[in-house]
Amino acid sequence: MAITVRLLDAPMNPGAMIGPFTNAHPGLGGVCTFVGEVRGGEGAEALELLHYARMTLPGMEALAERANTRFGLMGLLMLHRTGVMYPGEPVVLVSAAALHRRAAIDAVDFCMDHLKAESWFWKREQRGGEWHWIEPRADDYAALARWQSPQA
Amino acid sequence: MAITVRLLDAPMNPGAMIGPFTNAHPGLGGVCTFVGEVRGGEGAEALELLHYARMTLPGMEALAERANTRFGLMGLLMLHRTGVMYPGEPVVLVSAAALHRRAAIDAVDFCMDHLKAESWFWKREQRGGEWHWIEPRADDYAALARWQSPQA
Amino acid sequence: MTVTLVFLGKLADLAGAAEREVSAPLDWPQLLAALEPGLQSAIAADTTRIAVDGVLLADKTALHAAAGSEVAFLPPVSGG
Amino acid sequence: MTVTLVFLGKLADLAGAAEREVSAPLDWPQLLAALEPGLQSAIAADTTRIAVDGVLLADKTALHAAAGSEVAFLPPVSGG
């Protein structure tokens with residue numbers, strides 16, 4: 001079992017991460033990977049992700065430990081960009097390896113929901129040359145509620 | 001929007017598929033990918049996947065179309081091995097690109113559940129030099145029930 | 001002229017071959033009469049589906065296969 | 001000796017800087033007294049959390065920061 005959690009201030013290459021991660025976990029049944037990118041369109045020119053060094057990475061590490069315990073993973077890779085990014089650039093990558101597909105898929109889903117709604121990142125978008133803060137979205141909190149029943 | 005569905009009778013390299021697939025869909029919000037491998041351990045030496053050429057690929061293509069319609073995808077890649085495979089070899093890869101993470105993750109989950117429980121594949125495992133057919137599992141059918149309520 | 005029978009998954013082991021030719025036309029009673037007892041009961045089992053030329057039959061006892069048709073016997077698929 | 005205030009997200013725009021030093025020690029009434037009105041109300045808002053040296057306060061009015069401490073103001077995180 002290996003948990004790798006990183007904050008990156010330069011572009012990442014998801015394809016280059018997934019092969020070695022998969023190969024590092026022989027005996028696994030499945031690997032689920034989610035890569036989130038800066039969306040183009042809608043006039044957004046750039047996205048800036050701010051964090052609080054003292055709390056953001058420790059919070060992600062605690063989340064990775066919770067996911068590992070809850071889903072019984074064989075490996076978990078959690079990478080998140082900070083800084084200014086442009087449409088098409090990867091922002092976040094979560095990859096979970098497990099004996100069974102259900103654990104791998106659910107772990108990625110769980111980590112993404114918690115990264116979006118609970119991790120210490122603040123975002124702003126540049127439109128027409130001006131930066132605008134992105135406000136929290138109600139459906140991000142709603143997504144968390146899915147994980148709160150004892151069975152879920 | 002591009003749907004790619006393939007049956008492969010030789011080893012696949014998931015890492016090499018995901019980068020080009022992601023790059024082919026600019027403007028996307030997220031890509032979710034599941035790769036299932038032949039599990040090692042438990043004494044299995046090899047896995048053989050048999051299919052029925054006349055129905056297996058058309059069935060996968062119909063599944064891909066259903067997932068595309070249901071989740072409003074930007075792209076879907078569905079690859080499945082046939083033939084004899086050894087522990088650690090990829091068996092199946094499903095990758096979905098969408099504007100939002102929920103659609104991408106749910107589409108992969110939906111496709112995997114239906115590939116496992118409804119697609120025309122028959123598996124046997126070699127243990128101690130002998131081939132044994134793998135029987136259907138009740139939890140594969142239970143997984144399908146999750147997708148049958150109108151909201152799900 | 002014949003109908004081709006295709007035995008999938010473990011039905012091929014039971015049939016001793018993946019394919020077999022039988023005389024056309026073929027309906028359900030004729031099919032059962034053409035099969036040895038072990039195979040007959042495996043194919044009559046509720047969990048075995050039949051497809052004619054790639055199309056599943058809703059009711060397999062309604063089988064009517066003409067010369068040149070392919071009749072496939074599909075046992076339950078194996079989950080992963 | 002001082003306490004370092006750290007303004008995260010859009011609170012940094014409101015404060016005009018990401019950090020600010022104030023005299024130690026610092027409790028909740030002293031904090032409010034040290035801030036200009038716009039920032040004061042933003043920090044008093046229910047959705048703004050406070051962390052001292054990386055640890056969130058359950059009740060921010062219980063703030064007690066000693067000299068050398070870092071007090072961070074965390075507005076709601078932005079979903080994706």
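Residue numbers start from 1 in every chain, and the chains themselves are labelled A, B, ... in the order their sequence lines are given, proteins ahead of strands.
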With chain A, the option among Leu56(D), Val6(D), Val55(D), Asp53(D) that has the most non-hydrogen atom pairs under 4.5 Å is Asp53(D)
Checked Met55(A), His51(A), Glu48(A) vs chain D; the most non-hydrogen pairs under 4.5 Å come from Met55(A)
With a cut-off of 6.0 Å (strictly less than), are more than 12 heavy atoms of other residues, nucleotides or ligands near CG of Asn13(A)? yes
CG of Asp46(D): more than 12 outside heavy atoms within 6.0 angstrom? no
Rounded to the nearest 0.5 Å, what separation is found between the CH2 atom of Trp120(A) and the CG atom of Leu8(D)? 8.5 Å
Under 4.5 Å from a heavy atom of chain D, the part of Phe121(A) involved: backbone
Does atom NZ (Lys10(D)) have a neighbourhood of more than 12 heavy atoms from anything else shown, all under 6.0 Å? no
Relative to chain D, which segment of Glu118(A) carries a heavy atom at a distance below 4.5 Å: side chain, backbone, both, or neither? backbone
So which heavy atom on Val77(D) is nearest to which on Pro136(A), and how close? O-CB, 3.5 Å
Side chains of Trp133(A) and Asp13(D), donor plus acceptor under 3.5 Å: yes
Heavy-atom closest pair, residues Trp122(A) and Ser78(D): CA-OG, 3.5 Å
